[in-house]
Structure formats: C-alpha cells, structure tokens
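Structure record follows, encoded as structure tokens.
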Protein chains: 4
Amino acid sequence: MNGNSIGKALVFTCFGESHGALIGAIIDGCPAGLPLKEEDIQIELNKRRPGFTEISTPRREEDRVEIVSGVYKGYTTGAPICMIVRNRDVKSKPYETVMVKPRPGHADYTAKIKYGGYNDPRGGGRFSGRITAAYVMAGAIAKKLLSLIGVEVLAHTVQVGNIRVENEVSYEDIRRNVYSNPVRCAVPELAEKMMEEILRVSKEGDSVGGVVEGIALNVPVGLGEPVFDSLDSDIAKMLFNIPAVRGVEFGAGFRVASMKGSEANDQYAIRGGRVVTTTNNAGGILGGISNGMPIKVRVAFKPTPSIAKKQRTVNLEIMREEDIEIAGRHDPCIVPRAVPVVEACLAFVLADHALRSNLIPGVIKSDET
Amino acid sequence: MNGNSIGKALVFTCFGESHGALIGAIIDGCPAGLPLKEEDIQIELNKRRPGFTEISTPRREEDRVEIVSGVYKGYTTGAPICMIVRNRDVKSKPYETVMVKPRPGHADYTAKIKYGGYNDPRGGGRFSGRITAAYVMAGAIAKKLLSLIGVEVLAHTVQVGNIRVENEVSYEDIRRNVYSNPVRCAVPELAEKMMEEILRVSKEGDSVGGVVEGIALNVPVGLGEPVFDSLDSDIAKMLFNIPAVRGVEFGAGFRVASMKGSEANDQYAIRGGRVVTTTNNAGGILGGISNGMPIKVRVAFKPTPSIAKKQRTVNLEIMREEDIEIAGRHDPCIVPRAVPVVEACLAFVLADHALRSNLIPGVIKSDET
Amino acid sequence: MNGNSIGKALVFTCFGESHGALIGAIIDGCPAGLPLKEEDIQIELNKRRPGFTEISTPRREEDRVEIVSGVYKGYTTGAPICMIVRNRDVKSKPYETVMVKPRPGHADYTAKIKYGGYNDPRGGGRFSGRITAAYVMAGAIAKKLLSLIGVEVLAHTVQVGNIRVENEVSYEDIRRNVYSNPVRCAVPELAEKMMEEILRVSKEGDSVGGVVEGIALNVPVGLGEPVFDSLDSDIAKMLFNIPAVRGVEFGAGFRVASMKGSEANDQYAIRGGRVVTTTNNAGGILGGISNGMPIKVRVAFKPTPSIAKKQRTVNLEIMREEDIEIAGRHDPCIVPRAVPVVEACLAFVLADHALRSNLIPGVIKSDET
Amino acid sequence: MNGNSIGKALVFTCFGESHGALIGAIIDGCPAGLPLKEEDIQIELNKRRPGFTEISTPRREEDRVEIVSGVYKGYTTGAPICMIVRNRDVKSKPYETVMVKPRPGHADYTAKIKYGGYNDPRGGGRFSGRITAAYVMAGAIAKKLLSLIGVEVLAHTVQVGNIRVENEVSYEDIRRNVYSNPVRCAVPELAEKMMEEILRVSKEGDSVGGVVEGIALNVPVGLGEPVFDSLDSDIAKMLFNIPAVRGVEFGAGFRVASMKGSEANDQYAIRGGRVVTTTNNAGGILGGISNGMPIKVRVAFKPTPSIAKKQRTVNLEIMREEDIEIAGRHDPCIVPRAVPVVEACLAFVLADHALRSNLIPGVIKSDET
C-alpha cells in the first residue's frame, strides 16, 4: 500500500531515491499568492547539505533545488508545487551486497522482505536519510506560510553522546549560534565538545547518537484537532518519519513519569494582558491543542548505523551468519544534519494545522506577505 | 476541521462525550466473517473499567457494550461495526465553572478558545480520558484480527512515580500478573510499591505519573509503509492520542542518544532457521518496517491533572488570577487504567497495517477463526 | 476495505442496516456554535419518510432522529455529531431466501460474493435504500451550514417513466409545490400524471424509473478543488452513492454531445453589477469550480428492482436457473423518495467545499446564525 | 485546499501545467516487482498525442515519458513512481489576455476568482486538457496491474455531434479499429462521417461535442466498497475530472428513467458454469459492486470551448461586456483524444479497487507477469 503523502489541508508527497535521478517534494494545498523563489528553498536546503565539514560524509551534493510546477511569476498559483534536487555525486558500487548481507541497524533486511528484493538498495534507496532533503523543501514552504501569522520555528542539537545541553538556552542564542557551528548546537563550548566527541568515535570506526530539540514560537492558541489529529500526535508522526528517530517527547517528556500533579501542571497567569502558563511542562500543547506557549519537542536519534567496525550479520542467500564491514560514505553522527530536518517537520505540521484552522487565507494578498 | 477518524485500511471513528449519552466507536474495514460477540469487547472494556479499587475514581460505570451494526448472526458482515457504551453515573455539577476558571493541566482553556466556548465541559467532554473506552472497543476487534495471524499484544506498567521496573520481565509474567493487581504491573513486589506510592500521593491531594510499555509478539516481517506511514510513526501517532501522554519511545528509545553505533545496532543471527537480531534496541522496527522481533514501545503518562491541592489559574471572565481547588472524582494515577488502552492502540495500528499488507483476507473463512 | 466515510473538511460516516438496530450518521468537522435541534433534522427526514401515500411502501417508520453526541445546550460543540434513527417496523421473513436466489437488479448476488455470504440480507441490509435516511440527516446539517452563506438547495422530480417536465420550472414553483404532492414534482398537472403512471405500473406488479433534478442557488464563485476534487466530480460521486442511480449530468448534460461550441459555451454578461452567463449549459461549474450560476444536476434512477412479476434467477446452492417472485414491501417508484436525498447529497458536498474554501468560519458566532 | 491526489490503495498525484516545465504523475502504492519500462507508458501516451491529423491541434508535443523514480532494473520497487513529460512546443502569447477577458466555456473566470488572479493562465495552465497526459501515464501502470488479473479496458467514440454508433459494437472491432482512425471510432463508416463532421464545424470556426464509451472486460465479481466508495461512484468521480465532461452514465444510463423494472432488471442465468445476467442494463455494477459482466460507462464531452467565432465576454478590468475572438491552437473536437483518457481513468479506478480488494499481491513474482 501507499504511504508517501502526509498532511490534510497541506499535503506533502515525497518521492525519489538516494542514488536515483532525483529527490522530489510536492506540496498540494498551498494558498495562491505566496511569493516563492527557488532561493527561499535553497536557503533551507543548504542547512542540511552534506560534504562541508570533517564530521560529515564526503559525498558532495549541491542540492540545487528546481521548482518545476505551481509557481508563476514568482507567486504560488494554488496548483501543486513540485520541487526537485537531482542526485549527482553517486557511488553505488558499495551497495551491491546489502541485499545479500543486510547491514545491522539499516532497513536492508526489512525492505528486502517487504518488497521481495525489488527495492532499490543503492545508498539505501528509498530508506536513505537523503530523502529528508524533500522534507526540508516542504518545510521551507511551510515556514513561509507560518511567517504570515508570525510563527517562528527553531531547532538545535541538545545532546551528542554524553554531551548534553543541561540548561535552558535562550531563543536568541539558538537563532544566532546554531548554524554557525557544524554540530548545530546553540552553546558554543558544548558545540566544541560535541564536535570532539564525534571525531573521537569516528576515528574508532564508530558513530554516536543524540537529541534535537524543536521549538515553535508565537503559535496561536487553538491548533490541533481532537481526538486523532491532535497537534502532538501529528508532530510526533512526522518526526518519527525521519530515519533514525527512536523517541519523541513534548515539554517535560518522560520526566513527567516521576512528577506529581502539583509539579507537572502548568498553572495559569496573566502576563501583558495575555493568559500564559508559568511553567511549560506541557510543551505548548494541552488536550492536543496548542495553548499559546512555545511548542517544545525533543527527538532522539540513534547513532548512524553504518560503521566501519566489524559486525555480525546473516548471508541471506546461504542462510549463514557472517561478518560484515561497511564501506561507503557516512556521517559519523546524523544529529547535526537532522537539525534543519526537525525544523522542517515541525514547520510542516504547524502550517498544515494553521490551514486546517483557517488561520491562513486561501489566497494571500500581496500586502500580507 | 475534522479529526475523529484514524487508520487507512481499518478505519476507527470515535464519538461521544464523558457526560453525554454515550461513548461510541465505529470500525470500518473489518473483513466479513470474523466471529464477534459483545462479550469479546466486554472482556477488554472490563480491563479499563473504573470504580473498583481504592486507587481509582469512585465513578462507577458498567461500561456495558452494545454492538448496534455490522454484526449478523455472530459474524462481522463487512459493514461498519458500531459499538457503544452508555454513560450512566454522571455528576456534572462540579464542571460548571471550568469554562470560567480553567483547570491547570486540562484542556479546558485550549478547548474553550478553539471552540469559542461551545464545547461540552462536563467531565472534560470530548477531552475526557473516558473516550479511551472507544479506543478499547476498537482494540478488541483489532486483537481478534491479529489473533488470526498469531500476533499477541501485551502492555504493563513499568513505572509509577519513582518506582520502576528495571529488569526485563518475561512475557509469561506479563500475561499472568498484569490484570491480577490494580496497578497492572507484571512484578508483584513492585506492584505493591506502586500501589503504596499512589495511595501516598493521593492522600496528599496530589497525583503521580508513570510509564506503560506496550509489546507485540510474533509480528510478521514487513508491516509498515515508508515513508510517511511507517509503523513506528503510526503507532506513535495513535499513542499520543491517549490523553496525558507526553513521550513515546521504541526499543532503546532516548537511550540511543548516548549510545555508539556498535552498541545500538542490532546484529543479525540465525535462530531456529529464522533470521533474528541478538539485541532489540530497534524495538522491532527498522526503516519503519517490522523486522520480526518483538515490538516494544514505552509511553510516558503525566500525573492526573485533577488534584485536590490548591492551584493558580485565571478567571477568564474578569481576566484575573485566582486560586482553584478541584472537586470531582478522579484517578490519582492514570497509568493503571492506561494499560489496556496502550494495548488497544498498539493492536489497532498493527491490525490496520496487517490489512494494508494483505496479511488478513477480505473475507475470513470460518475454519480460519 | 473501508468506504463508509466521505468528505474532506466535513466528514460524513454512515452506518447501520435496514433491519438492524438503527441507521446512523456521524458528521465530523462541523464548526462549533451552530444552533442544532433534533427538529432541524426531523424536518428533512420527514420528507423521505415512507408509508404515507398509496404509491409508497406500507413499511411505517417513524424515523425519529436522536442526536446522541456533538451538541450541547442547543449548539454544536465541534465534536463529532452522531445522529440515529432506530428501525422499528421490521419484517425480515421475506428476505431469508435472497442469499440463495438473488433478486435481479438487487445487490444480493454481488454482496454475497464480496462478503462470502456474511452480509446481512434482511431488507437489503447495508444495500437498502433505507441507508439514505443517514444521507438526509447529514444533509440537514449541511443545509444549516449553507444557509449561513445564503446558499439554497432544491430538488424536484423531472421525469417518471415517460412523463417529463419539459419546460424550465421556476424556483418559486419548486419551493412551493414539491413537497405538497406525493411525487415531488413542481408542476401540479404533471405530478398528477406521474402519480397515475406509478399506480398503473404498480398494478401490473411492475415498477418505473425517473429523473430528479438538484439545484443549488446563490453558490459563491470558487467552490471546487482542481484537479481531482472538482466540484462536479464530488457531487457526482456522492449522487452515485444513492442506490439505483445510473446516470448523472450537469447543465446541458448529454445534450452537449450534439451541440456546437458556439451553442454550448455560456457567454458572459454583466447583470446588476455581477458577472453572469447568459445561458447555463455548464450547470454552474466551469473547470471544476462553481461560477456563481445555479448548479444544476440531473440524476437518473432505475425502476425499483423489487417487482411482483415473475423473473428468472439462479439458485446458487444448486447452480440451477429458477423463477423468482418477490414478496416484501416496496415503493413502485423510488423517485419521489429520492428527491430529499438528492437535496441532501448536493447540500453535503457544497457544505464540505464551502468549509474547504474557508467560507464558513471554524466557530459560528451566535449573531451569524 | 488540496485536491491533486486520488485513489486509496493506489494513489495518483498529478502536477504540472500546460505551458510550465512539465506534466507529471506519481503513482504510490504500486506493488513491487511489476516489470515497467518507459515504453509501456509511451505506448499509451502516443494514443493521445496531438498534432498528427488534420482534425487535431497543430501543437506538436513529443510527449516523451521519463520515469524518474520508483523503478530499478526494470521492475517497480514499491516506492512512488514518478513519470514526467516535458512541455516543449509552447506558444504562450495568445493567453496573455484571458485573465482580463475570460473565454466562454473555459475555466479562466472561475480560476481567476478562486486563485485571486495568481493562477498560471498560459495554455489554460492547470485547467488545460494537457494534464490528461498525466492521467494516461497513471492509466498505463493501472493497465499493467489489471493485466495480471486478466482485466482488459477499452474505449471508443460512440458519438460526435449527431453522428452516433447506434448498434452494439463487438469488442473485437473496438480492439482492431479504434486506434486506426483519427476519431477513435470502432465502426469505420461512422468514423468517416465523424471525421467529416469535425472538419465541417472546424471550417465554420466552431467545434463539436461527443460521447466516449469505456468498457472493462473480465472484471472479477466483488470490486467496489459500499457505501461511499462504490465502484460506480469512484469511476464517475474520476471521469468527471477529465476536462469537458458533462455527463456520466452506466449501462442503460438515463434510459432507465423510462424503463419498467421488468425491463431494466438484468435477470440471472448460467452460461458455461458461471452466473451471468442475460442483459446488462446495470453496466456491470450492482449495489456499487462489480457483478462480473462487462463494465460499461458512457461519458459526454462538451464541444471544445475555444472557437474562432466571435463571442461575448466581460472585460473584468473595466467591468464591461466585450467581444472576444480566440486565437491559439485547439482541437475542434476533444472526443478523439479523450478516448485513451477514458480508458486510463477507468483502468486507474479498477486497479485501485483490485488492490483494495487484495486481488493483486503486494509483491508481484516474476512468473506472474
């Protein structure tokens, strides 16, 4: 069955493979009249572009976006917007064997069984992290829509291995610092340590995991549709579709388990004439609906499964256990490049819900943009 | 906009309010020929029934299910199956004020803003935990469908406050112990302690959170539809639609963040002629597709927001901060009653995906049941 | 697979069987704040109620609606609205044999094969025209929503057998006459003739078909979502889901086939400051989008398949051709009772599209109603 | 809101504009293992290619398909299949004025109002008949899927203006003759007359309408999901999404209105051990479910709205009625080029329903193809 479209008012269809011709995203349901240039998308794509620091894969992809439908004279038309990036720096040789000897931690085995061996294994094919380029393209449009209603979406690395951002970071620091260091951490000294940690495990032929926090500011009260399209459930669903995610939590997250009601409840107050809560353990969502406080969501990423170290697997042709050593080009830590992807995913869901709630008009007048 | 239906092959529509006439569930897409009696549903409903121990709300609901469509002569007909439980023990008085003074941690404020004050506030209305009775009814059918392909779904309490199940529990212990103690914990001595903890905070006029683990055994390889209907994303979405959930993690979950690839990767082996992994950090899902290992998901529940302790809120009519003390009848810990709900939600998603993957036929022949 | 829900912004889920406990409709996505009483629904239901004239089935159903969720203190809450009518005057005996000897023109054979014989055959079960009671309930809410933006929906019988309404009928005549005669025809003298025709064929133990025209007035320009949710395609889909429909055409309909472009094109003009077309061959829809002219759609209904006359069928148990004579209680012409159903279906699609186009707010303020 | 995807098990997303970069189709949900070459798609595209006879537009498009995702080593992979044709022979000049002076019978006016003037007007943009190239690409895959279960889909012109195919045509004649004459009529002498008729109206600067019949042979009993995804309603919805369609009827269609039950009912018989009906007034669908008889659907197309003759319209800038004479390149009769489009649409819906009914496996083994 299908599964490559998501969203209700704003529908995002994703297609393409890691080593195929291209990666593509279609956004259907974007209001007409939104000014949209390739540069708007490119800025976001550049944030996740590989190949530029010592901690990322040497695969060099320009990831140059082309908008091939849905935009006319610089404005969206109301028709589906198709955006593509072509794959160029493709070395498919190392992947020939993964259908026989599945790599631990990868989708090789499950994909082979599900698709009867017909799936494209090159670079992980449809299961590659590279498909998140499409998420970022979709997110770029979502961000433009959200900016119409003043919503801002941020993300930053809060953990790599055992290096953690323990204290609250200011939004200003996030805005200023995240994309100025290769690990996308808002605290420069921790960024340094995370960088070292990644290099260290990388030299061991190993990889390391981490946590990204996504934040949305100035979200109006009322986004989210109970009971099954609650805002948190839709955000969580989108985030779990980023390869390598193993956990999602909002606000106090798993810490709520050991809290009492009197601690966990966010009590109401009035600040500047507006109703606010004095804490934000809910992460900005109550009863599945945004409450006007910052939305905060944390996303756990596993270590990159492709490691140089020897591992055990099964040769599926002869059904025998064997060793495997993985070649190919990989990020020793997926987390830094996941930061703009978390941003994009969070933005997409919020834009979809803003449209469901009629907060963005069907046609955007030029003076609104 | 709408949001009260979920699923693609198996569609579950939920309706009703806490203090309205009834809570209802419609299952559309259930194959014809499945033997289905009200008793099959009742058994599951009884697991979440309130009012029977000192740690649960004194509200006494029989929760007697009626199947009002879709079943004929004891078999499903292929038509939508509508199941209802009527609300009986309703005391709506205490809820009259929540529209003016929203209770911290509840959806009172967000619902009021979203629905312009037209939402039904009685007992939380549409935002009450009581709607999970519908989830359990849906899950009961899902479980029957899954049993056709040998899949078993379990759940158990693994944390209440600071009392944690630290060691792996055998499936046999879960099957045997969970529903024989009021906290739904598989380890009798910990169950005892959890019970005490709940009573303790309850006496303080407070409440406490916890964690439930859901497990699915014997899941065939291949469930899940990349990229947006991945099995983990659909399970997470469903679970986040249980009121009070703040976090969801699979397998090693948030622990992956501090793991290395060589630790986190589940290596392949052959056991009894089958391909297995020697660890299960993935929680049974790789690349969004089930890998044949047990699916393991942990769900963090916040403490019941209704507490007797005095809290601060805002009187929305006069826009002034005020104290609030909550009357009404509530569970001091939602976790025990959430156990069958997690079971139901996990079962529902798996049954939907089993149908999407054609693993259950469109008509069930009697010798298959 | 499923198929009992329809609509995108406004979602209508239909359940129940002809001789089961009830017929039900759930409307999800109705804005909060709409005043809604059971009487609003009842008025519409009464239009299709059987048992009141010599040309309709002697089955007497009160069709008394109960709203069991989604309404509080006389207003919609934003939660799903469930409406039911219970089945009372049920005589299931005559249907026992249809699973063995399928009635020509009925779904007996196709349902049996599709559902492996598990479908409920009583009164046609899920395939009975009685399910259109649910359509009418859904349509009643849709009409209330449409009235907020001034849209009016009408329907009338324009053909029974060879008796045709050849001339254009005024909307005033439709409003005044349709529900004052049993055939629901706006032209009294033709109503008389249609009545006679129905009685004539009825006495022969036969039945007769006809055509219903649906009309929507004051539809704003811009409803309809190209390319696959075009307004005409969604209206047609909904209408083809009324049992016994065999054709749907808009405006000039099949007559366009023999027209030239210079005849068929509706040329533009200005009337009262508004852009109009001087003819309406398009039936109010251009490029899948409403153009502000009246929407006109004609729906062909086949003769009631249940006839007293002897017919040939196959005994499926012994696979032998046999005669069949049908007992039971049936309308000799389905057309009159289809009139309010066409109205309801047209209204439902328009209300769904008005919501998709943000023409109706998410919360209805009382002074708007 | 969105609307550019259709289908439930097989999902077709359509994008692109007449004079934009390309026309594209994505098929999501196609089972893995289907052999698929660009040539398979090209064969179908060639059937609707313009520019080759004196009765079609002089626009010359090669319509060379490129499969850019979802196929690997000649087989479908289970990932979304994206197919594109680039637009080449584009002359956008004549369309500059249509936003000011909308062409009668076109979507210029409705699109402008709906999209606030941001829609792409060149060549009709998203409203052009050219988007049906995407329908044909989708249909090509659908046909390959249907061939796995022996279903054959045909279409032929049965009316152009007043020239009608009155008698039943053999399937053999349809297969042999349709694509050997430019009007796609199965009866050579009528094809000749239709051709003359088209040339005649063309010389008058006018255009003419017609009717296409779609036929599906060897359809298994049981396709179609009551009540809202009935097979006829889904076919009708898809067909009404072909630009210029004004009516759709199945089997006896609008003729049922003047028939009696005893005439209209298709009586059952046994032929060659199989249950058949001795007539086919139902057009192969009963109760929304295929009954094993040929599916027959007739589709009315209006005359091409672009005509050279002078017409009246409104200058929307100065709100004054004015004359309009349309330049540009157009087919004087859309019907011949609609024939493969009707085929494609019918095939798409049947393939989607065959997948919904599990009649085509999730992975196609090579010996099945």
Side-chain angles (χ1 to χ4, degrees), chain C residues 1 3-4 6 14 104-105 107 110 113-114 127 159 161-162 206-211 221-222 225 227-230 232-233 236-237 240-241 246-247 249-250 253-254 256-262 264-265 267-270 275 286-287 289 291 300 302-303 305 307 309 311-314 321 356, chain D residues 1 3-4 6 14 104-105 107 110 113-114 127 159 161-162 206-211 221-222 225 227-230 232-233 236-237 240-241 246-247 249-250 253-254 256-262 264-265 267-270 275 286-287 289 291 300 302-303 305 307 309 311-314 321 356:
Chain C
M1 203 161 163
N4 294 280
I6 195 162
C14 176
T110 52
I113 300 297
K114 182 170 188 73
F127 296 86
Q159 184 178 345
N162 287 308
D206 216 330
S207 62
V208 68
V211 176
V221 186
E225 303 294 329
V227 296
F228 293 132
D229 292 348
S230 63
D232 42 347
S233 79
K237 177 171 169 59
F240 270 111
N241 286 321
R246 294 290 80 199
E249 60 178 14
F250 291 85
F254 274 86
V256 293
S258 46
M259 288 168 95
K260 291 185 189 167
S262 55
N265 284 350
Q267 307 199 15
Y268 290 104
I270 299 176
V275 175
L286 263 180
I289 303 173
N291 68 359
K302 71 179 184 183
I307 55 175
K309 277 191 171 169
Q311 300 178 87
R312 289 296 277 176
T313 186
V314 165
E321 296 181 14
R356 296 190 205 185
Chain D
M1 203 162 162
N4 294 279
I6 196 163
C14 176
T110 52
I113 301 297
K114 183 171 188 71
F127 295 86
Q159 185 178 345
N162 287 308
D206 216 330
S207 62
V208 67
V211 176
V221 186
E225 303 295 330
V227 293
F228 294 132
D229 292 348
S230 63
D232 41 348
S233 79
K237 178 171 168 58
F240 269 110
N241 285 321
R246 295 290 79 199
E249 60 178 14
F250 291 84
F254 274 84
V256 293
S258 47
M259 288 166 96
K260 293 186 187 166
S262 55
N265 284 349
Q267 308 199 17
Y268 291 104
I270 298 176
V275 175
L286 263 180
I289 303 172
N291 68 358
K302 71 179 183 184
I307 54 175
K309 275 190 172 172
Q311 298 179 90
R312 288 296 277 176
T313 186
V314 165
E321 297 182 13
R356 296 190 205 186

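Every value quoted in this text rests on a predicted model; they were computed, and no experiment measured them. Sequence lines set the chain letters: A, B, ... in the order given, protein chains first and strands last, and positions in each chain run from 1.
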Worksheet entry | Contact class of C:K302 relative to chain D, heavy atoms under 4.5 angstrom | both

Item to complete: Give the member of D:I6, D:V227, D:V208 that has the highest number of heavy-atom pairs under 4.5 Å with chain C.
Response: D:V227

Item to complete: Determine the option with the most heavy-atom pairs under 4.5 angstrom with chain C, choosing from D:G261, D:G105, D:G222.
Response: D:G261

Item to complete: Check side chain to side chain donor-acceptor pair (under 3.5 Å) between D:S207 and all other residues, then give those that pass, not counting sequence neighbours.
Response: none

Discussion item. Donor-acceptor pair, distance only, cut-off 3.5 Å: does the side chain of D:Q267 make one with the backbone of C:R312?
Written reply: yes

Worksheet, complete the sentence: CZ (D:F127) and CD1 (C:I289) are apart, to the nearest 0.5 Å, by 3.5 Å

Worksheet item: Measuring heavy-atom distances to chain D, does C:F250 have an atom under 4.5 Å in its side chain, in its backbone, in both, or in neither?
Response: both

Practice prompt. Determine the minimum heavy-atom distance between D:S258 and C:N162, stating which atoms define it.
Written response: CB-OD1, 3.2 Å

Discussion item. Please rank D:G3, D:A107, D:G287 by heavy-atom pairs under 4.5 Å with chain C and give me the top one.
Written reply: D:G3

Worksheet entry | Which portion of C:I113 sits near chain D, non-hydrogen atoms under 4.5 angstrom | side chain

Worksheet item: With respect to chain C, which residue among D:A300, D:G209, D:A257 yields the maximal number of heavy-atom pairs within a distance under 4.5 Å?
Response: D:A257

Worksheet entry | Straight-line distance of C:D229 CG to D:N4 CG, nearest 0.5 Å | 8.0 Å

Worksheet, complete the sentence: Bottom line for C:D206: the part with an atom under 4.5 Å from chain D's heavy atoms is side chain

Item to complete: Would you indicate whether the side-chain heavy atoms of C:R246 and D:F254 approach each other to under 4.5 Å?
Response: no

Worksheet item: Quick one: does C:E225's side chain get under 4.5 Å of D:K114's, heavy atoms only?
Response: yes

Practice prompt. Could you pull out the closest heavy-atom pair between C:F228 and D:K237, with the gap in Å?
Written response: O-NZ, 2.5 Å

Worksheet item: Under a 4.5 Å heavy-atom cutoff, which of D:S233, D:S230, D:G210 has the most pairs with chain C?
Response: D:S233

Response to the item:
Whatever's closer than 4.5 Å to a heavy atom in chain D on C:I307 counts as side chain

Worksheet entry | Inter-residue atom distance C:E321.CD - D:Y268.OH, 0.5 Å rounding | 13.0 Å

Worksheet item: Which pair of non-hydrogen atoms, one from D:M259 and one from C:P303, has the smallest distance, and what is that distance?
Response: O-CG, 3.1 Å

Response to the item:
Given C:N265, C:N291, C:V314, the one with more heavy-atom pairs under 4.5 angstrom with chain D than any other is C:N265

Worksheet, complete the sentence: To the nearest 0.5 Å, atom CZ of C:F240 lies from atom CZ of D:F240 at 6.5 Å

Worksheet item: Do you know which of D:A269, D:C14, D:A236 has the most heavy-atom pairs with chain C at a distance under 4.5 angstrom?
Response: D:A269

Item to complete: Please answer whether the main-chain N or O of C:L286 pairs with a side-chain N or O of D:T110 as donor and acceptor at a distance below 3.5 Å.
Response: yes

Discussion item. Determine whether a donor-acceptor pair (N or O, by modelled atom type, separation under 3.5 Å) exists between the side chain of D:K260 and the backbone of C:G161.
Written reply: no

